[in-house]
Amino acid sequence: MTLMELAEHEGKAKVAIAARVDGVLRDLAVRAPAEGKVEWVTVQDPDGIEIMRHSTAHVMAAAVKELFPEAKITIGPAIENGFYYDFDVEEPFTPEDLKRIEEKMGEIVRAADPFLREDLSKEEALALFSGEPYKEELLADIPDPTVSLYRVGNFLDLCRGPHLPSSGRVGAYKLMNTAGAYWRGDSRNRMLTRIYGIAFAKKKELDLHLHLLEEVKKRDHRRLGKELDLFSVNDEIGPGLILWHPKGAIVRRIMEDFWREEHARAGYDLVFSPHIARIDLWRVSGHLDYYRQSMFSAIGVEGQDYQLKPMNCPFHIQIYKSRMRSYRDLPVRYAELGTVYRYEPSGTLHGLMRVRGFTQDDAHLFLRSDQLDEEIFSLLDFTLFVLRRFGFDRYEIFLSTRPEKYAGTPENWAKAEEALKRALDRKGLSYEVDPGEGVFYGPKIDIKIKDVLGRAWQCSTIQVDFNNPDRFDVAFIGDDGAEHRAIMIHRALMGSLERFFGVLVEHYAGAFPLWLSPVQVDVLTVTDRHVEYGREVVAALRAAGYRAEGDFRNEKLGYKIRESQLDKVPYAIVIGDREVTDRKVSPRRRGGEQLPPVSVEEFLGTLRKETENRKP
RNA sequence: GCCGACGUAGCUCAACGGUAGAGCAUCUGAUUUGUAAUCAGACGGUUGGGGGUUCGAUUCCCUCCGUCGGCUCCA
């Protein structure tokens, strides 16, 4: 009896698409075990939906091979929300091709061809895949003597499986776009043509996801940046270089003020450093060896080479080194909103999220080794405190370990990795280990913040550095009167102000909380009769420290309300005959909620309450 | 950087080998208006830059710049 027959017997044939036999995922076509645990896997199951998406990729590849027999197949896994498949073709697919492929997929789904598994020796498989060089290459790399193949209709693919019982069980899918992708993700390899698709169990879920994509588009910080006049990038200035317009600049200034205030409170000393330095500084720091591909070319000055800074650390180190330090002075914490410049390949630039010039909310901590654990622990605390103030309370945390290209000794790396791990464990934070993803000078904790739509953004980073102290001879005098090596921590909480601001814009869809809003209150008059009192109200709000603007134009109230709403101003207050007579204002919240008329004093109280503690 | 698509008025988009058009914004006038758009008129473009094909290019070709979707990389 096969699992399929067993499923029929148990009345599960309609929902089961695979089975977990003693914890191992299997096709329904295989023989049911005489004993052992069988669990049915459905498309509701995370494993099940992945199988379905993977099978959809096969169906797509089958459709492509029918329409474009000369296309060479490569690989096509399931991914979040869907799947992709990479092909080697002479001419990349056009949107019209995608439409045809999608239709052909429909035919294959309607045909409900079974997915048939065949286990063959590698030699037999090689014979079947002659003319498919990528499959031959994959086969050559498989150590096992036998491999599994899956056939659906006329399409045969090398695959581990499992798969749906038949193509008829494929759910709702849609081909989205094509993209270039290197074979095996290596830029030295040939560029393939990738087709991305999304796939869900039900049409309704697919529609929901398409709706989500619309929402993402609406929140795009590049669109909102233009609509709300927050920032721009400009051809004549150059790609990846940001112009902060007045409204964006207000938000940035508030972010910076908050940051400075809290850092002073947390025991940091605020410093400033220049944007360029002699190239030798970067030779000593190791940047020239390990970071050169991210640096702009040197600048010749009176026969000497200077370098635009990609990081702030060497400067802070020099401040530390400007005098002798006692063990009693540590930890020394230098913080700077330091603007750095990094060469990023043009194809990677993206609005505010990936730029060539950005300001890090950087700090460097100089510690004794006995202070490392405690400092990292309180740093995690501080980081989460700052992030929460901006409305982020969900995170993905990664611990990145030693990369291939690194400076320092493996022993020191291990020590640092241990220290980071201990702090995370003590703080009770769950995290993933990212092997080999550390920076060249040390391991790090990265905190990705999750926005309202659940997307994760890399912002905060805490990096231990055992390298620079050696290179720059960063030392302190211990209680034994001898010189000791200090440990350094690099850290940024918001990461880059540009990226963090971009994330903020998307998180709030441009509707910033009151404390961050570029304009907090719009004062709208009904007719010319009310302008005088309107000016008075604007002046009173400004005198109290709020960002208020008056709209005294000769327009209908509805027109002004609409504009205020589109500008996402938190409060619009209406002033007409009634308000002038009673010396009151009628506030309306962004979103339409109408509040009762109150005196200006009372309204100020409302604002004060809403901005205290910088409520997100 | 690589692959593909794209670049038309301040913005969003039409036209597509035959001297470029709409809506919104802006400006002017009228209207004095009560919670998401009052009406009318005017202004606005060497169609991203350069080169080529053609009697003629926004349209076809080349090249450069930039943007977008990915890949590689990353705050």
Chemist: What distance, rounded to whole Å, do you find between the two C1' atoms, one in B:G44 and one in B:A5?
Modeler: 30 Å

Chemist: Tell me which nucleotide, if any, is Watson-Crick or G-U wobble paired with B:A36 when both distances must be under 3.5 Å.
Modeler: none

Chemist: Choose from B:A36, B:C73, B:A75 the nucleotide whose nearest atom is closest to any side-chain atom of A:T348.
Modeler: B:C73

Chemist: Rounding to an integer number of angstrom, what distance separates B:G45 and B:U8 when you compare their C1' atoms?
Modeler: 8 Å

Chemist: Check every atom of B:A75, B:U12, B:U32 against the side chain of A:K226 and return the nucleotide holding the closest atom.
Modeler: B:U12

Chemist: B:C24 and B:A42: how far apart are their P atoms, nearest whole angstrom?
Modeler: 14 Å

Chemist: Can you say whether a donor on the side chain of A:R499 sits under 3.5 Å from an acceptor on the base of B:C74, or the other way round?
Modeler: yes

Chemist: Is there a side-chain contact between A:H350 and the phosphate of B:G70, meaning an N or O under 4.0 Å from OP1 or OP2?
Modeler: no

Chemist: Of the listed nucleotides (B:U35, B:A75, B:G69), which one gets closest to any side-chain atom of A:T461?
Modeler: B:A75

Chemist: Can a salt bridge be assigned to the pair A:R389 and A:E262 using a cut-off of 4.0 Å between side-chain N and carboxylate O?
Modeler: no

Chemist: Any ion pair linking A:R529 and A:D577 (charged N to carboxylate O, less than 4.0 Å)?
Modeler: yes

Chemist: Would you kindly give the CZ-to-C1' distance between A:R562 and B:A25, to the nearest whole Å?
Modeler: 12 Å

Chemist: Which part of the nucleic acid, if any, lies within contact of A:V355, taking any heavy atom under 4.0 Å across all strands shown: a base, the sugar-phosphate backbone alone, or nothing?
Modeler: base

Chemist: Ignoring hydrogens and angles, answer whether the base of B:A75 and the side-chain atoms of A:E344 contain a donor-acceptor pair closer than 3.5 Å.
Modeler: yes

Chemist: Let me know the distance between CZ of A:R354 and P of B:G69, rounded to the nearest Å.
Modeler: 14 Å

Chemist: Going by modelled atom types, is there a donor-acceptor pair between the base of B:G1 and the side chain of A:Y182 at under 3.5 Å?
Modeler: yes

Chemist: Identify which nucleotide among B:U35, B:U38, B:G66 has an atom closest to any side-chain atom of A:P239, counting heavy atoms from C-beta outward.
Modeler: B:G66

Chemist: Looking at A:R222, does any N or O in its side chain come under 4.0 Å of the phosphate oxygens OP1/OP2 on B:G69?
Modeler: yes

Chemist: So what does A:K448 touch, heavy atoms closer than 4.0 Å: a base, only the sugar-phosphate, or nothing?
Modeler: nothing

Chemist: In whole Å, measure the gap between the P atoms of B:U59 and B:U47 for me.
Modeler: 9 Å

Chemist: Rounded to the nearest angstrom, tell me the gap between atom CZ in A:F87 and atom P in B:C71.
Modeler: 17 Å

Chemist: Using a 4.0 Å heavy-atom cut-off across all strands, classify A:D577 as base, sugar-phosphate, or nothing.
Modeler: base

Chemist: Is the A:W244 to A:F501 ring centre distance short of 6.0 Å?
Modeler: yes

Chemist: At under 4.0 Å between heavy atoms, what does A:E579 touch on the DNA or RNA strands: base, sugar-phosphate, or nothing?
Modeler: base

Chemist: Taking the basic N atoms (NZ, or NE/NH1/NH2) and the acidic carboxylate oxygens, is any pair closer than 4.0 Å for A:D220 and A:K217?
Modeler: no

Chemist: Which is true for A:G347 with a 4.0 Å heavy-atom rule: it touches a base, it touches only sugar-phosphate, or it touches nothing?
Modeler: base

Chemist: Under 4.0 Å, counting only non-hydrogen atoms across every strand here, what does A:L192 touch: a base, just sugar-phosphate, or nothing?
Modeler: nothing

Chemist: Contact class for A:Q565 vs. all strands (heavy atom < 4.0 Å): base, sugar-phosphate, or nothing?
Modeler: base

Chemist: Among B:U72, B:C3, B:U35, find the nucleotide with the atom closest to the side chain of A:M191.
Modeler: B:C3

Chemist: Without decimals, in angstroms, what is the distance between A:W457 CH2 and B:A75 P?
Modeler: 15 Å

Chemist: If B:G7 has a Watson-Crick or G-U wobble mate with both distances under 3.5 Å, name it; if not, just say none.
Modeler: B:C65

Chemist: Please measure how far the P atom in B:G52 lies from the corresponding atom in B:A9, and state the result in whole Å.
Modeler: 25 Å

Chemist: Using a 4.0 Å heavy-atom cut-off across all strands, classify A:Y559 as base, sugar-phosphate, or nothing.
Modeler: sugar-phosphate

Chemist: Round to the nearest Å and state the distance from A:E404 atom CD to B:C73 atom P.
Modeler: 11 Å

Chemist: When we call it a touch if two heavy atoms are under 4.0 Å apart, what does A:R194 touch: a base, just sugar-phosphate, or nothing?
Modeler: sugar-phosphate

Chemist: Side-chain N or O of A:S346 versus OP1/OP2 of B:G1: is the shortest distance under 4.0 Å?
Modeler: yes

Chemist: So what does A:R578 touch, heavy atoms closer than 4.0 Å: a base, only the sugar-phosphate, or nothing?
Modeler: base

Chemist: Counting side-chain heavy atoms from CB outward, which of B:A36, B:G69, B:C74 is closest to A:E437?
Modeler: B:C74

Chemist: Would you classify A:S460 as touching base, sugar-phosphate or nothing, given that sugar-phosphate means primed atoms plus P, OP1 and OP2, and contacts are heavy atoms under 4.0 Å?
Modeler: nothing

Chemist: Rounding to the closest angstrom, what is the interatomic distance between B:A57 and B:G49 at atom P?
Modeler: 15 Å

Chemist: Check this for me, if you would: do A:K448 and A:E432 make a salt bridge, where the nitrogen-to-carboxylate-oxygen distance has to be below 4.0 angstrom?
Modeler: no

Chemist: Quick one: label A:G180 by what it contacts on the DNA or RNA (base, sugar-phosphate, nothing), any heavy atom closer than 4.0 Å.
Modeler: base

Chemist: Could you give the distance separating B:C61 and B:G23 at their P atoms, to the nearest angstrom?
Modeler: 32 Å

Chemist: Would you say the ring centers of A:F392 and A:F500 fall short of 6.0 Å from each other?
Modeler: yes

Chemist: Do A:Y441 and A:Y291 come within less than 4.5 Å of each other through their side chains, counting heavy atoms only?
Modeler: no

Chemist: State, without any angle test, whether A:K568 and A:S517 hold a side-chain donor-acceptor pair at a distance under 3.5 Å.
Modeler: no

Chemist: Scan every strand shown for a Watson-Crick or G-U wobble partner of B:C71, both distances under 3.5 Å, and answer none if you come up empty.
Modeler: B:G1

Chemist: Between A:S187 and A:V233, who's closer to the 5' end of RNA chain B by nearest nucleotide?
Modeler: A:V233

Chemist: Let me know the distance between CE of A:M295 and C1' of B:C73, rounded to the nearest Å.
Modeler: 17 Å

Chemist: I'd like to check, for A:Y196, whether its ring lies over the base of B:G70 with centroids under 5.5 Å apart and a plane angle smaller than 30°.
Modeler: no

Chemist: Report which part of the nucleic acid A:K560 touches: base, sugar-phosphate, or nothing (heavy-atom distance under 4.0 Å, all strands).
Modeler: nothing

Chemist: Taking pairing as Watson-Crick or G-U wobble with both contacts under 3.5 Å, can you name the mate of B:G56, or confirm there isn't one?
Modeler: none

Chemist: With heavy atoms under 4.0 Å as the rule, sort A:D528 into base, sugar-phosphate or nothing.
Modeler: base

Chemist: Distance check needed: B:C68 P versus A:D235 CG, whole Å only.
Modeler: 11 Å

Chemist: Between A:K556 and B:U35, is there a side-chain N or O to OP1/OP2 distance below 4.0 Å?
Modeler: no

Chemist: Using atom C1' in both nucleotides, what's the gap between B:U32 and B:C39 to the nearest angstrom?
Modeler: 14 Å

Chemist: Looking at CG of A:D446 and OH of A:Y431, how far apart are the two atoms once the value is rounded to the nearest 0.5 Å?
Modeler: 14.0 Å

Chemist: Do A:F87 and A:Y85 have ring centroids that are under 6.0 Å from one another?
Modeler: yes

Chemist: Nearest-Å distance, CG (A:L566) to C1' (B:A37)?
Modeler: 9 Å

Chemist: Could you let me know what B:U26 is paired to, Watson-Crick or G-U wobble, both distances under 3.5 Å, or none if it's on its own?
Modeler: B:A42

Chemist: Hunt down the Watson-Crick or G-U wobble partner of B:G21, both distances under 3.5 Å, from any strand shown, or write none.
Modeler: B:C13

